[in-house]
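Presented below is the structure to which this report refers.
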Amino acid sequence: MNDGRKRIVLVGASGVFGRRLAAMIARWPDVVLVLAARDLAKLEALAADLAKTRPAAGIEVARLDRLDPKGLAALGAWAVVDAAGPFQGQDHAFPRAVLAVRAHYLDLADARDFVAGFETALDAEARAAKRWAITGASSTPALSHAALDAMTAGWTRIDRIEAAISPGARAPRGLSVIRAILAWAGAPLRVFAQGRWTTRAGWSDPRLTAFPGLGCRWTSLAETPDLDLLPARFHVRRDAIFRAGLELPILHLGLWALSLLRRARLISSLEPLAVLLGEAAGWVAGLGSDRGGMVVNAEGLDADGARRLARWGLWAEAGSGPHTPAAPAAATLRALLDGGLDGEPRATPCVGLVDLDAMLHELRDLPIRTRLESQRPDTPGLFPRLLGEAWTAQPEVVRHAHAGLAPFTLTGQARGRGAPGLPALVRRLQGLPPAGRHVTTVTITPMANGERWVRRFGERTFASTIAPARDDPWTFEETAAGAVTFRFGVAPYPGGFSWTFEGWRLGPIPLPRAWAPRIRARTFSPSGKHGDGAYRFRVLVAHPWLGLIFGYAGRLS
């Protein structure tokens, strides 16, 4: 205990988020990690798992109940982290007990009432003890605020903020998380909307929300600390909303239907259904994915007084989503260890303490990606608007072709390829090239907010219309012959930009993403010794059931 390492007690270490946070802390050589919970057997199993990947880590286990923390003083904690939950309806007795033993306190609370009363209840004691007491070091409010700080740096006004989160259907479902959602589903929530405070129902207003890397998912109004903190900290003029969603529509809309019972006062709470609903979610989880994500949107005026839209998105693959709420806690704790928190120790929500890069650093080894985008919606041309500041870095021929000012024709050659059988029939019906090299002409004609592309490969012609998605300013849709429409995002690519597949639909009906073809498309003009000023494109469309439907690449000038 006296080897110079700081002792960090992690309460709720065997839970869904506690396990992930424990793995992050166990990487640090300057701490002793004390895994704490009520079930000692689960803690010992976790300690054994961590020892396999972190053999040099200092790890201990201790039985501790945060509702009756009699043994806390004996643990010699330098800091105590509460990852147990749920925090809805809880008082501040446990953080007060932590301050009483002169330890720093940090939690992953996402309960609005707990966070709202935190500073008033504990600030005097935290200052007297000269220890930090920090609440909400989780996806909300810590990560959402860090993203907004990066997105809106230099802005002169913020009119609207909307954040949303959606876990994958196969993600672990802790009972405490389910209870937390059911605590406010159908209950009246105080919300800042249309420039004033009003009351709406929890889990109301179900609608599809676009998540970068995931496509569209159902979300509804959620109660989180951000409903209070976003209007206060960013001085939002119109709307400050936080939404949450379940990947499977049957679960999301089913919970919305149940919430109507509470709104109608037919039942007083949905919390007694927590175990049953958790089991039901497990029964249908196989219909969904292990991919989850988060998105934060902002609208306002930039430093030049021009209207600006910004969006930050995070999407997690392979079941890595539950690591995300643990990252802000790990980053804040690391800053506390390194003396990197500004100001005197005090009680505060975890906003403005640690920047976005520090939080994402804790996720560096996981299959988690992020994207920050910004655009001026009044910019002419579809791709100049979608690429925002990245547009000026595009090669000259790419900028000319997609400036959206006049028709532009490119000529050259392209090579086509694809599988035989049904894919060959699809290529013929669509006017796509057969295998081999073909004289090629591409004409791009600006339209109202979009472009009309006509591609001629020898004797075949493939035409399509590209237009902004009406429900999402960050994506565009391509419609060719037939009723199938594909939705794409756009991202900078070395020497050009790439199209990133976001979803598809048959007429107005969304189609399952799992059934979709795999699409790779990019437009570019190489620089350096291989650069020749030509406009190049590569498109590859394959399907798990059919193989390579078509692929073509060309060089035009």
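For F17, there are no ring pair (Phe, Tyr, Trp, His ring centres under 6.0 Å) partners two or more places apart in sequence or in a different chain. Applying the side-chain hydrogen bond (donor to acceptor under 3.5 Å, both in side chains) test to D239 and every residue at least two apart in sequence or in another chain returns nothing. For L276, the side chain to side chain contact (heavy atoms under 4.5 Å, CB included) criterion is met by no residue, not counting sequence neighbours. Listed by chain and residue number, R27 satisfy the side chain to side chain contact (heavy atoms under 4.5 Å, CB included) test with D365 (two or more places apart in sequence, or in another chain). For F87, the ring pair (Phe, Tyr, Trp, His ring centres under 6.0 Å) test picks out F114, with sequence neighbours left out. With sequence neighbours excluded, the residues that form a side chain to side chain contact (heavy atoms under 4.5 Å, CB included) with A93 are D91. Under the side chain to side chain contact (heavy atoms under 4.5 Å, CB included) criterion, P272 pairs with S269, sequence neighbours left out. Residues satisfying the ring pair (Phe, Tyr, Trp, His ring centres under 6.0 Å) test with W256, not counting sequence neighbours, are none.
At least one side-chain heavy atom of F118 sits under 4.5 Å from a side-chain heavy atom of H92. Taking 4.5 Å as the limit, some side-chain heavy atom of R487 sits within range of a side-chain heavy atom of D472. No side-chain heavy atom of T224 sits under 4.5 Å from any side-chain heavy atom of P141. Inter-residue side-chain proximity for P492 and L387 is flagged as met; some heavy-atom pair is nearer than 4.5 Å. You'll find the side chain of L10 stays beyond 4.5 Å of the side chain of V80, heavy atoms only. F383 has its side chain within reach of V490: a pair of non-hydrogen atoms, C-beta onward, lies under 4.5 Å apart. Side-chain contact check for R371 versus W312: every heavy-atom pair is 4.5 Å or farther apart. No side-chain heavy atom of Y105 sits less than 4.5 Å from a side-chain heavy atom of V81.
In this structure, R233 pairs ionically with D149, as a charged nitrogen and a carboxylate oxygen lie closer than 4.0 Å. Here R96 pairs with E125 in a salt bridge; the nearest charged N to carboxylate O distance falls below 4.0 Å. A salt bridge links E477 with R505: at least one charged nitrogen is closer than 4.0 Å to a carboxylate oxygen. The residues D302 and R376 are annotated as salt-bridged, a charged nitrogen and a carboxylate oxygen being separated by less than 4.0 angstrom.
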Kindly list each side-chain donor-acceptor pair under 3.5 angstrom involving residues 175-196, sequence neighbours excluded, with atom names and distances?
unit_1	atom_1	unit_2	atom_2	d
W184	NE1	A180	O	3.1

Compile the donor-acceptor pairs under 3.5 Å between side chains in residues 327-342 and protein atoms, sequence neighbours left out, one pair per line.
unit_1	atom_1	unit_2	atom_2	d
T332	OG1	P328	O	2.7
R334	NE	D338	OD1	3.4
R334	NE	D338	OD2	3.2
R334	NH1	D30	OD1	3.2
R334	NH2	D30	OD2	2.7
R334	NH2	D338	OD1	2.7

Give every donor-acceptor pair under 3.5 Å between a side-chain atom in residues 201-216 and any protein atom, sequence neighbours left out.
unit_1	atom_1	unit_2	atom_2	d
W203	NE1	H252	O	3.2
S204	OG	A201	O	2.5
D205	OD2	R243	NH1	3.1
R207	NH2	E162	OE1	2.7
R207	NH2	E162	OE2	2.8
T209	OG1	T219	OG1	2.6

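With hydrogens and angles ignored, the 3.5 Å screen pairs no side-chain donor or acceptor of T120 with any backbone N or O of G117. Between the side chain of H145 and the backbone N or O of A142 there is no donor-acceptor pair closer than 3.5 Å. Not a single donor-acceptor pair under 3.5 Å links the side chain of R19 to the backbone N or O of V16. Of the possible polar contacts, one joining the R170 side chain to the G288 backbone as a donor-acceptor pair under 3.5 Å is found.
Atom CZ of R364 sits in a crowded spot, with more than 12 heavy atoms from other residues, nucleotides or ligands closer than 6.0 Å. Counting heavy-atom neighbours within 6.0 Å of L273 CG, excluding the residue itself, gives a total above 12. For R200, the CZ atom is loosely surrounded, since the number of other residues' heavy atoms within 6.0 Å does not exceed 12.
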task = Please assess D123 against R346 for the test salt bridge (Lys or Arg N to Asp or Glu O under 4.0 Å), listing each intermediate value before the final yes or no.
result = CA-CA 6 Å; D123 192 56; R346 59 191 183 276; over 6 Å; no
message = Let's go through R308 and D378 carefully: what are the C-alpha distance in whole Å and the side-chain angles of both, what is the deciding distance for salt bridge (Lys or Arg N to Asp or Glu O under 4.0 Å) to 0.1 Å, and is it a yes or a no?
response = CA-CA 9 Å; R308 176 77 67 170; D378 300 327; over 6 Å; no
request  = Start with the C-alpha gap between L246 and W218, add the side-chain angles, then the distance that decides, and say whether side-chain contact (heavy atoms from CB on, under 4.5 Å) holds.
outcome  = CA-CA 7 Å; L246 303 176; W218 286 98; over 6 Å; no
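The OG1 atom of T140 lies 11.5 Å from the CG atom of L108; values are rounded to the nearest 0.5 Å. Atoms CG and CG, on D226 and D110 in that order, are 10.0 Å from each other to the nearest 0.5 Å. With rounding to the nearest 0.5 angstrom, the CG atom of L314 is 8.0 Å from the CE atom of M294. Residue R522 holds its CZ atom at 8.0 Å from OG of S498, rounded to the nearest 0.5 Å. For the atom pair D228 CG and D113 CG, the distance stands at 10.0 Å (nearest 0.5 Å). Taking CG of L50 as the reference point, atom CG of L43 lies at 10.5 Å (rounded to 0.5 Å).
Each of D65, D107, V11, L99 was evaluated against F94; a single residue qualifies, V11, per the side-chain contact (heavy atoms from CB on, under 4.5 Å) test.
No hydrogens or angles considered: a donor-acceptor pair under 3.5 Å links the side chains of E247 and S289.
By the 30° and 60° cut-offs, the orientation of the rings of W391 relative to F497 is tilted.
Pairs of residues two or more places apart, or lying in two chains, that qualify as salt bridge (Lys or Arg N to Asp or Glu O under 4.0 Å) and include a residue from residues 272-299 are R238-E299, R291-E317, E299-R307.
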